[in-house]
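Read through the structure below, which is laid out as structure tokens, and then see the notes.
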Amino acid sequence: MSNALSMIDDTSDSLDADLNYLVPNGRRPVYYAFPAPPGIPHHSGEFETKRVRIQDGRRQPERPTLDSTGFELVHEGSRLSDFSDDATVRRVYYPEVDALIKRVMGAVKVVIFDHTLRYGVRGHIEEGVREPATRVHNDQTFVSGPRRVRDHLPAEEAAQRLEGRFAIINVWRPIGHPVEASPLAMCDARSIDPADLVPSDLVYRDKVGETYAFRYNPRHRWSYFPRVRPDEVVLLKIYDSLDDGRARLTAHTAFEDPRAPASARPRRSIEVRSLVFF
């Protein structure tokens, strides 16, 4: 165990930390997935910082699961330790994620549509690698979820698949070492009110997607998994078409761990997003 990790006080089952929520102003927020054009801000909308209690998901009496809370921790190694080569990630890691999701969720088909590498150093210059997202959000909405199926499947198959249940799952894994800084906080889906969801535009170079920002709700119940290791993954439910009382999505965000020492190593991680059919 590194000195940084040994200095973290892990005797408590919760911590208090600041999360960034949207302040709704009646205007639709807009975010750019690439450098915004000159004179246009990278994102619109005002955010407020709220101090919240974040529970240790490893110590909760009720184990968080995809269908109960909207997130789940799974022990799952990978043959890869270096995720820097895009072609290798697609050739080696994508099939691993496919098999994991089928095993955990009982899916009959998985379509992986993208992945993102993150490095927790502000202003870094690694091309194609983003910083951790530090605003409370969810990657899809109840509108854009079905749109993803039409985007990534032939029209006839998409129409058939949309008749049945499907989900969108994000598989999040640390790279290189356990998470010591910028851990991931996740909100229990059962504590989210529909009024908390704020549809937002996500502008790509070739299209405009839709995500959810979140307004603050004191009833939100937050969790995190301390020191997630490279042989563990966090599964996040981004969308579920089945509306039967189970979790259909979850809010999530990176946050600054107030207990992490200054010597904590910056977080590196990969997240893989997939359509999951049953």
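Below, all heavy atoms of this structure are taken into account, side chains as well, without hydrogens, waters or symmetry copies.
No hydrogens or angles considered: nothing links the side chains of H177 and R267 as a donor-acceptor pair under 3.5 Å. Inspection of the T116 and R273 side chains reveals an N or O donor paired with an N or O acceptor under 3.5 Å. A donor and an acceptor atom, one from each side chain of T49 and D18, are nowhere located under 3.5 Å apart. A donor-acceptor pair shorter than 3.5 Å cannot be found between the side chains of D193 and N217.
Note that CG of L275 is 9.0 Å distant from CG of D151, once rounded to the nearest 0.5 Å. The distance from the NE2 atom of H252 to the CG atom of L19 is 12.5 Å, given to the nearest 0.5 Å. Note that CG of D188 and OG1 of T250 are 7.5 Å apart. Values are rounded to the nearest 0.5 Å. To the nearest 0.5 Å, atoms CG (D196) and SG (C187) are separated by 8.0 Å. A distance of 7.5 Å separates CD in E180 from OG in S263, rounded to the nearest 0.5 Å.
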Please report the C-alpha distance between R51 and D16 in whole Å, then the side-chain angles of each, then the deciding distance to 0.1 Å, and finally whether the side chain to side chain contact (heavy atoms under 4.5 Å, CB included) criterion is met.
CA-CA 6 Å; R51 177 62 57 94; D16 293 333; 3.6 Å; yes
Steps toward salt bridge (Lys or Arg N to Asp or Glu O under 4.0 Å) verdict (D13, R59)
CA-CA 6 Å; D13 62 0; R59 301 188 181 193; over 6 Å; no
Any chance you could lay out the side chain to side chain contact (heavy atoms under 4.5 Å, CB included) test for I238 and I169, step after step, and finish with the verdict?
CA-CA 6 Å; I238 305 302; I169 300 296; over 6 Å; no
Please lay out, stage by stage, how Q60 and S223 fare under the test side chain to side chain donor-acceptor pair (under 3.5 Å).
CA-CA 9 Å; Q60 293 180 15; S223 296; 2.6 Å; yes
Please report the C-alpha distance between V234 and F225 in whole Å, then the side-chain angles of each, then the deciding distance to 0.1 Å, and finally whether the side chain to side chain contact (heavy atoms under 4.5 Å, CB included) criterion is met.
CA-CA 9 Å; V234 177; F225 298 110; 4.0 Å; yes
Checking side chain to side chain contact (heavy atoms under 4.5 Å, CB included) for the pair Q140/R148: CA distance, chi angles, key distance, verdict?
CA-CA 9 Å; Q140 303 289 336; R148 278 288 183 184; 3.1 Å; yes
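Although no hydrogens or angles enter the test, the distance criterion places no donor-acceptor pair under 3.5 Å between the side chain of T65 and the main chain of R63. Under a 3.5 Å cut-off, the side chain of S274 and the backbone N or O of V276 do not form any donor-acceptor pair. Of the possible donor and acceptor atoms, none in the side chain of D201 sits under 3.5 Å from a partner among the backbone N and O of V203. The closest donor-acceptor contact from the side chain of E271 to the backbone of V171 lies at 3.5 Å or more, if one exists at all. At least one donor-acceptor pair under 3.5 Å links the side chain of S144 to the backbone N or O of E210. Put simply, the side chain of R135 never gets that close to the backbone of L22: no donor and acceptor are under 3.5 Å apart. In this structure, the side chain of R58 engages the main chain of P226 through a donor-acceptor pair within 3.5 Å. Not a single donor-acceptor pair under 3.5 Å links the side chain of K237 to the backbone N or O of I168. Side-chain N or O atoms of E96 include one that pairs as donor or acceptor with a backbone N or O of R79 at under 3.5 Å. Side chain of R173 to main chain of P230: a donor-acceptor pair is present (N/O by atom type, distance under 3.5 Å, no hydrogens or angles).
Contact record, F214 with N138: CE1-N, 3.7 Å, taken as the closest heavy-atom pair. When all heavy atoms of S191 and R221 are compared, the closest pair comes out as OG-N, 2.9 Å. Of all heavy-atom pairs spanning F142 and P146, the tightest one is O-CD, 3.4 Å. R215 and A195 make their closest contact through NE-O, 2.8 Å (heavy atoms, listed as atom of the first residue, atom of the second, distance). Between P258 and A17 the shortest heavy-atom distance is CD-CB, 4.1 Å.
Using a 4.5 Å heavy-atom cutoff, the side chains of N20 and T253 are not in contact. At least one side-chain heavy atom of V110 sits under 4.5 Å from a side-chain heavy atom of I112. Residues F277 and L162 fail the side-chain proximity criterion, which asks for heavy atoms closer than 4.5 Å. A heavy-atom distance below 4.5 Å is found between the side chains of F255 and I54. Using a 4.5 Å heavy-atom threshold, the side chains of D240 and L249 count as separate. Side-chain atoms of P178 and R265, non-hydrogen and from C-beta on, do get closer than 4.5 Å to each other. The side-chain heavy atoms of L184 and Y224, taken from C-beta on, include no pair separated by under 4.5 Å. In this structure, the side chains of L153 and V111 come closer than 4.5 Å at one or more pairs of heavy atoms.
For Y32 and H42, the gap between ring centers reaches or exceeds 6.0 Å. Between F166 and Y239, the gap from one ring centroid to the other is short of 6.0 Å. Residues H220 and Y21 bring their aromatic ring centres within 6.0 Å. In summary, the aromatic rings of H115 and F83 are positioned with their centroids too far apart to meet the 6.0 Å limit.
Hydrophobic clustering, with ILVMFWY side chains joined whenever heavy atoms are under 4.5 angstrom apart, keeps Y216 apart from F47. Criterion: ILVMFWY side-chain heavy atoms under 4.5 Å apart, direct or through other members. Under it, V92 and L117 are part of a common hydrophobic cluster. When the side chains of ILVMFWY residues are joined at heavy-atom separations under 4.5 Å, either directly or via intervening members, V23 and Y212 end up in two distinct hydrophobic clusters. Under the 4.5 Å side-chain heavy-atom criterion for Ile, Leu, Val, Met, Phe, Trp and Tyr, I270 and L236 are members of distinct hydrophobic clusters. F71 and V228 fall within a single hydrophobic cluster, where Ile, Leu, Val, Met, Phe, Trp and Tyr are joined by side-chain heavy atoms under 4.5 Å apart, directly or via other members.
Looking at E126 and R268, a side-chain N of the basic residue comes within less than 4.0 Å of a carboxylate O on the acidic one, giving a salt bridge. Between E157 and K109 there is a salt bridge, since at least one side-chain N of the basic residue sits less than 4.0 Å from a carboxylate O of the acidic one. Under a 4.0 Å N-O distance rule, the pair D98/K102 qualifies as a salt bridge. Using a cutoff of 4.0 Å between basic side-chain nitrogens and carboxylate oxygens, E76 and R103 are scored as salt-bridged.
Summarising the local packing, CD of E48 is surrounded by more than 12 heavy atoms from other residues, nucleotides or ligands at distances under 6.0 Å.
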